[in-house]
Every structure is written in C-alpha cells, then in structure tokens.
**Student:** 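Provided herewith is a single structure, encoded as structure tokens, for subsequent inquiry.
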Amino acid sequence: MPERARDEPVLAPHAPLFRKVLIANRGEIVVRIARTLRELFIPSVAIYHAVDAQSPHLVACDEAVEIEGEAPVAAYLDIERIVSAARAIGADAIHPGYGFLSENASFARRVAAAGLAFIGPDADTIALMGDKISAREFAAKHGVPVAPSVRSNGDLADFARRAATIGFPLLIKAAAGGGGKGMKIVRAERELAEAARIASSEAERYFGDGRIYAELYVDRPRHIEAQILGDGAGEAIHLFERECSIQRRFQKIIEEAPAPNLPPEIRARMLDAAVRLARASRYKNAGTIEFILGADGRFFFLEMNTRLQVEHPVTEMITGIDIVRAQIEIAAGQGLPFAQPDVVARGAAIECRICAENPDRDFLPETGVLHYLRKPEGEGVRFENALRVGQAITSEFDPMLAKLVTHGADRDKAIDRMQAALDDLAILGVTTNADYLGRVLADASFRAAVLHTDFVVERTDALRAPPDPRRLRLALIAAALGDANFRDVITSVPDPHATMGPWRN
Amino acid sequence: MAFRLIHDGHAHEIEVVRRRPRLVLRIDGVEHIVASLGSGADGDDALEIDKHAVAFVRARDRDRQFIRLHGHVHEFAVADELAEEGGGEALDEVRSPMPGRVVALTKAVGESVARGETVMMIESMKMQLSLSAPRDGILASLSRGLGDSVDKDEIVARLEIPSVRA
Amino acid sequence: MRPIRSTLSTSSAEFRRNDAHNRALVAEFRARQEAARYDRPPRDLERLARQGKLLPRERIEKLLDPGTPFLELSSLAANAAYGGEAPAASCNAGIGIVSGREVMIRADDSSVKGGAWYPLTVKKIVRSLDIALENRLPVIHLCDSAGGFLPLQAELFPDRHMAGRIFRNQSLLSKLGVQQLALIFGHCTAGGAYIPALSDYNVIVRGTGAVFLGGPPLVRAATGEDVSVEDLGGAAMHTSVSGVCDYPAASEEEAIRIGREIVHAWRRPRKFAAPPEAVEAPAYDPEELYGVLPDDPKRQFDMREIIARMVDGSRFHEYQPNYGLTLVCGFANIWGFKVGILANNGVLFNDSSLKGAHFIELCNQNETPLLFLQNITGYMVGREYERKGITKDGAKMIMAQSCSRVPKFTVMCNGSFGAGNYGMCGRAFDGRFVFSWPNHQIGVMGGEQAANTLADVKLNQMRRLGVVDPDEIEKVRRETLLAYQEQLSAYHATSELWDDGILDPVDTRNALGVALSASGNAPLGEPGYGVFRF
C-alpha cells in the first residue's frame, strides 16, 4: 500500500471502525497502538504534557493535544481534561494503553458517559477485577484455584493471628494495589504484625485504600499468565500463555511465550481456568489472568489485569495475531475476530524490558540524556520504543525506556536472536539494564529454563558483571582517543621526537 | 601533564609510551599497541589494539564519555583535580570594574558563596551590575555597604579560601 | 648510500679493554650527573615541600609532552666551581616538546641555594638564550630564584655577556617574533623581574610567585616602606592592577596547565630545513662505541667506526675517499636529517685542510648542516709542511668553516687541542651545539706535551743559570701533568660551559637528532666567504 499523506481523506476498503481514536497514554505503547490504527485507516490522536512535547509518540499519531497540568504524571491521569480533549477533537473512542488510567473504572465510566467507546472492558469488570479481594473471591467461585488467603478487617492484630494460619512464607498485598507495588514477603510469625502495619499504611498512602490481604507465598514460584479475549457476551478465547518469572522488585523484566518446560496438562488446565473466568465475568476485550505455579505443579490465581499488558508482543509474535487490532474490533462491536481453533502458536518469543536503572545498585532508577541510540533490527526482531536522541531521561515517569522482542523457531533460537539484538542495541547517556539482561540470557539456568520469581535475587552474585580489566583498558583507550586534548597530544608531536619517544640524556 | 580518566570512582592514568612507529599506551601498568586511532567522533568507531579490531560506540556529554565496547557500557569522566578547587580561580577578591554605588547586598559576612554567585549589585552609568564571587568560599569581609560609592577596580569584598593546595 | 663496513672485531682483547674502560668512564659520568641532578640537602627539599613547591625537574617533566625526548644541556655546569655548591649551576636548560612545539626550557633550580644566580648560572642562562636566538626556538622560563649571588656580583653583573645579556637576548628574541612564556613559581627579583616582564606571556602562582624590582627588605632599607611580598609583587596585584602578569594560577600544576595551553595556541613555526627523510637505526649497535674509543688517549682510532654507530643505517657517502686521509669527509643522515660530516683520523695536513675547506663549501652550496667529530691534536708541524703552506691551508679551512651559512654541530669525541680545535669548529665558531664525551680533553696542547715542553723550558733555564736539578725538572713535569689533567678534563670544560654538555657517546645520535630538528627553525645565514689565502 502506498504511504498516504496525513490529511488525505481515507479511502478504505470498508468504512473504518472508528472515526478517530485518542490514545490516553505516552511513550512506546502509543507508537505501537498508532501503528495498528494506521493499518486500519483510523486517525489517531496523541495526548501529551509539555515535558513530552518533543516525544516521538506525538509524531507517531495524526494529531496531538496538549494536556495541561503541573505535574507531568498528573496530566496523563487527568480524566476530565482527557475526555474533553477527546470530544473536542472529534474522537469517538479512547484506547487507554497500560498503566495510567487503563484500569481506572471511573475513567471507563466517564468515557462511556461522554458517548465515546472505551477500548477495553466494561467499567464494572474493571472494578470487579481491580479489587484484588473481590477478584479472588470471584475466581474461587468459578472454580479457579486460589491460594489460601486471609483478608484484613481493620483489626490488624486479629488479621495477623488469622494470617499466621496460612503458613509461612506468606505474602501481604494491598487490595487496591497491583503491578507489583505494595507487596511484602513475611517469612516468620514474629515479623507478621509489623509487616501488616507497614503494608496497610503504605496501601493507604499509595492507593488510597488501606485494605490488605495475606496469601500463601509459594516458594520459587513461576509467574505464568494467560492472554484472553472476550466478546462481552459470555464468549472468550485464549491466546496461549506467557512466562514472566524473571522479575526484580516484583516487576517483570523478561517475558516469554510460550512458557517453557510446561507440562501440557498443566497448560491445558491453566488456559481452561482462564477462559472459564473470562466467560463467567462476561469479559469484554483483552485481558490477562495471572497465575503462580509451584514446583509441585499446583497453581493459584494471582490477579486479573483488565487491560493490554506491556508484554503482549511475545504473544503476538508466536500467534501472528495483532492484539490491539482485536481490541479495536471488539470495541467496535464486531465480536471476537476469530475462534479458538484459529489460534496457533509457532516457535517462541522473548521480550526484554530495557530500563533506565543500575543493576549494580539494586536496580535504582537512573537519569541522564539519551546521547546515542542504535536500534536493533532484522528478521524476528521488534524494538518497541518512543526514544529520541537528545531526550532527557528523568524520574518523572517509569524507568522503562523500550521493549526488545525477538522470535525464533524455538526458544534457543529466540534467545540467540535476543542476545544478538542486545549486542546491536546501544543506548548511551543513561545507565540501562541492557548489559545485565544480556548476562541473564547467557546464564545457564536461564537457558535451561530453570525459572522462578526469585531468579534475579538468587542469582545476584552470578549475574554481577565480572570484572574485565582488559575490556576496561580497551574502553579507556577508546575514551582517551575521543578526548580532543589527548588526541592532540598524540598527533601533534613532530618527527623525529615522535619516533624517538621518551629519551633523556 | 598526566591524562586520567575516572571510571566507577577510580582514576586511571593513560600514559603515552611512544608514538612511532606505532602508538603505545600504558594503562594500569599494561602496555597496548594502538595501530589506528579511529575517528575520535561520536557514534560507531573502531581501533586496532594489539592487532585486534575493536569496534565500539562512543557518545560524549560535556566532560563525560560513554563507551560501549564488547557488550558493556562504560562511563568515563576526565579527571580534573583543579576543578575541585572551586573553579581553579586564583583570586579571593570581589572587585568593581567600574565606579558606581552599591544598591543591593545579597550576601552577608560569614555566608558561604559559590563561584559565580552574586555578592552585591552596583549601579553605574544608568546600568545595574552584579558583582559575583570568583570562586567558592566564605565571604570574609565587605568593605562597602548599601548606598556607598565604589571606585574603579576597588576591592569591595574578600573571600576566605581553604588553605592553598600544595 | 652504502653502509660502512666495520673492520673491528668486537671480540678482540683490545675491543673488550676499551669497552670496559669507557663503560667505567660513562658510569662515572652518570654518577656525577645523577648527583648533580638529585643530591640536595634535605633541608632544602623540606623547605620546598613546605612552600608547596614542586622540584624544578618535576616541573619540567609535567610541562613536557608525555612520551617525548628531552635534551638537557650542560647538566654538569659549575661542577668544578664554587666548591661544588651549585650543581648544574643552580639551573636547568634543555630542548623538548611542549604541546607539540619544539621549545627551549630554562628553569631556575630553587633546590640549590634558593635558585641563586652564580656567575656560571648567568652564563648558562645567556647560553640557553643564545641557542634560542640562533635556532629561533620559543623559550619557556620557569622562574624561581633568590636573585644574584651577591658575593660574586662582579662576575655576573657588569660585563657584556653577563646578566644584562639575558634581557638583551630576550628583547631580540621578541624582535625576531620568537615567543617566550614565563611561569613564575617563586621570586623574580631585581634583574630577574625582567624575565617575566620581557616574556610575551607569563603565568604567576598565587602565594609563592612574586615579581618586584626590589624585595621587601630592600624597599624597607631604601624608603622605610613596610610592605609584604604579596602586596608588593604577588599574583593578585600583578594580574589585576599592574598588568605585569597575565594569568594567575592557584597551584604550580595549574600554572603548567595554563602554560601548555598558551603554547598550544602559538602558531606553528616555519621550517627552513628540508623535512627529515625516513629514519633507519644504525646497522651497528651504538653500544659498540665503548669498544671503539681507545683506553689510551694517545692511540688513534678510525672515525668511520664512530660514524657507523651513529648515523642512519650506518650509511655514509664518503667524499674524496683517496685524498687527505687524515680528515674523513662525507654525507650521512641522522634521524632522517642529512648532514655533512668532518671527522679527524689524525692531525691535519695540507691536503686534509684543503679537503675540509672544499667539503665545507660543498655543504654550504647544498644547504647541508655540518657535523664536526673532533679528535684532533693539531695541524702538522715541521719545515716541509710550513713550506707547503700548512698555515694558509689551515686558515682556508677556518675561513670556510667560520663563514658557513649552514648550522654547525660539534662533538668532541676525544682530543681537542690547539689550532685543530679552531678548524674543527670549536666553541668560538658559533656552532649551534657543542657536545663532548666523558673521555674528551681540551687544551692548547696535551698534558704530556705541555709537561715535556715546560720541563724543557725549565731545563734550558737551569742550563743558562748553570745549575741543573733533575728533581726540580721532574717536579715541574709532574705538577704540570697534574694541573693539566684537571684543566684538560671534560668535566672542567663543561663546568665552565665551554660546551653544551657531556654526553654518553651512545646518546649522541639522539642528541644530534633533537639538535638538528631544532636548528631547522632558523633561516640559513647569508652565503659568502672572505678572502681565501691561496
């Protein structure tokens, strides 16, 4: 298809599914969503706070609207302004991306009330699954295994007593939390009361809701999630599962599809449970059910994410399905775009989240300026980013800079491709975890798919960059020869002195 | 003068042993023969060190350099010990370059001042001029007060500097 | 050019004897040089450390570009003077590379009597500026001196080539467009204050640097005014009020850094010599020089063996190889620079004098610098040679050599006696650089010859008086020999700055390389000679 100019009238084979879609997000996901919208001949609108005025995510869309606000993050959370912007610019749908307002039931309601389509589930479903406690109960009610757990009722001492009956280690989580935030592991009974107190006050502070619950903590669990699509009328299908066990601070940094070394029987039961839950909740649009799988083969429901996930590309690469496109079609009332037998997985895919952080300093976020960027490319390589050379990497937003995804005929080939792609990738000016991710991929346990959520912590020493004095010396030489003064000292000495060298009489 | 780069808190000296027929550098006691000097520019660059081709990526940011080499990113800064002396300035006086009148005092005696920080404002020839500290230090004395007139080249304030480095 | 074919056997007993003898001489030379460079009274070193000062040699090393050569001149100046109080005449001088530029560096040595100027100090400073003038070398002065050594003021102040000459030279350097930079690390008092003032650029170190025509004690004595060093001539005042100094520096390192930046900004000099050709190391090991030089100064050696161990590829194009055999003449390259070499293989006769004069003319025609390798006891004497006109032939050689337009370099490899010194471009003949070897001896005649001559004179005297005392004659001979031994020695000569330094023979090649390169910064003289007495 020839490239069409931005403001040329659309001559689509059929009428586009929406008149205009506003993407209520920023960064790489906006670029990715806009790509699908373009393929569907649907005009896209970006929103941005002034600090993002130069961001490539604006240029990736057909139009851009500035959302005013003091704090940058606040702008992307400003429901009223975003909805009015959408209406003012003539959008008839909003895609919320992930994070920000994507799992905010009020936002979904507000969008619907404004007469716009929300490309995601219904507000009620969001609310149901957003409350981790109600979600658990719903799951249990529909035959999805859940880990033994205990809810707090305000009386923390009582909660601690009841929680102790679950057994140790256990996990204290915020009911209104998610995304790995506000969680604590408690390994001994004597730590319980204090941990509960802290967790509750943190939950209050971060999520505005101090309710906590305690859950059995499976040691060295695998984090496996199932991607589902629902038509909102009780029908749902799965797009296979993903393994997301490589995490730091409860946040995923490497994901893959399918989950390696997963007995087919367990896979079948997990996917079955996921689809059952999606159907029972009359789920509409894309969602993900997260499980933890213990070494003994038992798995438990963790939570359901009622949105597009960061790591959706790995599913796309093994199934060949454009999940964002499916989201748009479902939101446009077209129902599920295909049936379960149509969903076939081929090969394996891996995603690495490239983050501005220092693995040597406990993954503390880093800031800087993006001075140099070399993007990996090639067959089976996908680099999702909204990076611009010269942009400031600040602490305003999440440290994730980009996603590097590779596909191969099998897991080994996918890993090989990822290693090559990480080698190609060059981000200079801010410290990233790219080298660290390379070391994880090279790790024998990772190759052998001995995966669990304690991988990063357990292998901290093994994954530390081994000192390489020779490599450091070579880099020092490279840096010295990049210094104008040093170069001058080298090149400006005439002969015979240059050849005579450091002679003294 | 020694050329040093700082990496991860450690200073490494890069010594020039000889230049011809091939450049020989000594770093941390180990010598390397550098057959080609590369472009020295940002972006992709390559050197031949000890007969091996070494490809790398370089990006510069004022006084820092980032080098990605053999799959590892390094950050270096040129060691400039003199910069620690608050700018390496030799003077501890604030002087008025023109005759005029003191219209504002922004620092008090005993306060610490940073290099470039305004100590007082004078008015002269219908313009306002900011007089600033030539280096980091403590304001030791002010010889003029608000409303006083000052002469050309008059010393209006003195700084107290930590003892001169040997 | 074909390489010289050595006829020496490096395994012969003679070679090994010579080698041992010369290595011992060189070892002694190096020990004396080390002492002159580094032996200092601990309290002087402590004083410098307390003042936050670097040692003068450290300053020079920091100033120089890393990995570059430094040719130090007259390292043993004043070794035989002032009771040894002033090693290297309390100053350093040499040619090196700073920010890619060839420069003359001269430095006061404040670790010797506070850097006071002895008469020989002044002579060495004047000499270094003469070299700068003749070779158009920019000069960097490292100033840190207590001033003139007053007890010997009559020997360093009033005469033509004494202290005033320093400032006259500085002015003329400036007139020629040759840059000067002064780094003021200590006091520049009285005359010394003119060094930074006459320099195009200067940098002064805060707290230790000071420039004044009269220091606080003198001022107090003269006018009763009480003033501190800082107030009278310190960095702050001179860089902001008087304008005598250009750049203040917080430390010696910073002063050096600023100095290097200043030099970096200087335009590249014009070269008046052809650029060097490709370089080849000598085919024979230069360390074999130790085996070539005889352990007995009366014994002759073949200069070609010296040349073979000094020039590129040992290649030598000999001129008139069959004529005037006591003077070897020919072309060679040293560090890629073409030179015309004249070297003594015996006394000078008529034919060798004429050959030398002609060869010098050829070199002037070709704009080829001249290198004189001296081992000369004099011109031939005797009736036959006088009748042939040895005197006028020697004069022709002196005329050609004196009127040469090309740069001249002299290495006194062994003996340098009498008129032979003249023809072979001794000190008086304005060679750009004059070096000597540790075995070198210089005088109007050799020690034995002098002893015999004076003994003969005594004998004749006694005969006339009628009383001949053999013991007395022997005493004269012995004392003369002893006195000459001291006076003729290379150490005595270098102490008096009759040369620009003693070199380890093996270092001569590199020294000449640096010297030849430096000489190319100045234009050649006007062509032409005076009257040759034919």
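Here is how names work: the chains are called A, B, and so on, in the same order as the sequence lines, proteins then strands, and each is numbered from 1. These numbers were taken from a predicted model, which means no experiment stands behind them.
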**Student:** Side chain from CB out, backbone as N, CA, C, O: work out which of these in A:Ala465 comes under 4.5 Å of a heavy atom of chain B, or both, or neither.
**Tutor:** side chain

**Student:** Any sub-3.5 Å donor-acceptor pair from B:Thr106's side-chain atoms to B:Val119's backbone N or O?
**Tutor:** yes

**Student:** Would you mind checking which part of A:Thr491 comes under 4.5 Å of any heavy atom in chain B, side chain (CB onward), backbone (N, CA, C, O), both or neither?
**Tutor:** side chain

**Student:** How are the rings of A:Phe363 and A:Tyr436 set to each other: parallel, tilted or perpendicular (split at 30° and 60°)?
**Tutor:** perpendicular

**Student:** Counting only non-hydrogen atoms closer than 4.5 Å, does B:Val16 touch chain A with its backbone (N, CA, C, O), its side chain (CB onward), both, or neither?
**Tutor:** side chain

**Student:** Is it the backbone or the side chain of B:Ile14 that comes under 4.5 Å from a heavy atom of chain A, or both, or neither?
**Tutor:** both

**Student:** If you count the non-hydrogen atoms of other residues, nucleotides and ligands that lie under 6.0 Å from CD in A:Glu377, is the total more than 12?
**Tutor:** no

**Student:** Counting only heavy atoms closer than 4.5 Å, note whether B:His72 contacts chain A via side chain, backbone, both or neither.
**Tutor:** both

**Student:** Test the A:Arg26-A:Phe397 pair against the cation-pi criterion, namely NZ or CZ under 6.0 angstrom from the six-membered ring centroid and within 45° of the ring axis.
**Tutor:** yes

**Student:** Identify which part of A:Arg471 has an atom lying under 4.5 Å from any heavy atom of chain B, answering side chain, backbone, both or neither.
**Tutor:** both

**Student:** Need one label for B:Leu47: side chain, backbone, both or neither, based on atoms under 4.5 Å from any heavy atom in chain A.
**Tutor:** side chain

**Student:** Please say whether the positively charged group of A:Arg411, taken as NZ for Lys or CZ for Arg, lies over the ring of A:Phe446, i.e. under 6.0 angstrom from the six-membered ring centre and within 45 degrees of the axis.
**Tutor:** yes

**Student:** Quick one: which of A:Leu422, A:Val493, A:Asp435, A:Val369 has the most heavy-atom pairs under 4.5 Å with chain B, could you say?
**Tutor:** A:Asp435

**Student:** Might you work through the side-chain contact (heavy atoms from CB on, under 4.5 Å) test for A:Phe486 and B:Leu25, ending with a clear yes or no?
**Tutor:** CA-CA 12 Å; A:Phe486 185 81; B:Leu25 301 176; 3.9 Å; yes

**Student:** Using atom types as modelled and distance alone, determine if a side-chain donor or acceptor of A:Lys403 lies under 3.5 Å from a backbone N or O of A:Val310.
**Tutor:** yes

**Student:** Check each atom of B:Val24 against the heavy atoms of chain A and say whether the ones under 4.5 Å are side chain, backbone, both or neither.
**Tutor:** neither

**Student:** Between B:His10 and chain A, with a heavy-atom cut-off of 4.5 Å, which part of the residue counts as in contact: side chain, backbone, both or neither?
**Tutor:** neither

**Student:** In terms of heavy-atom pairs under 4.5 Å, which option from A:Gly501, A:Ala484, A:Ala478, A:Pro469 contacts chain B the most?
**Tutor:** A:Ala478

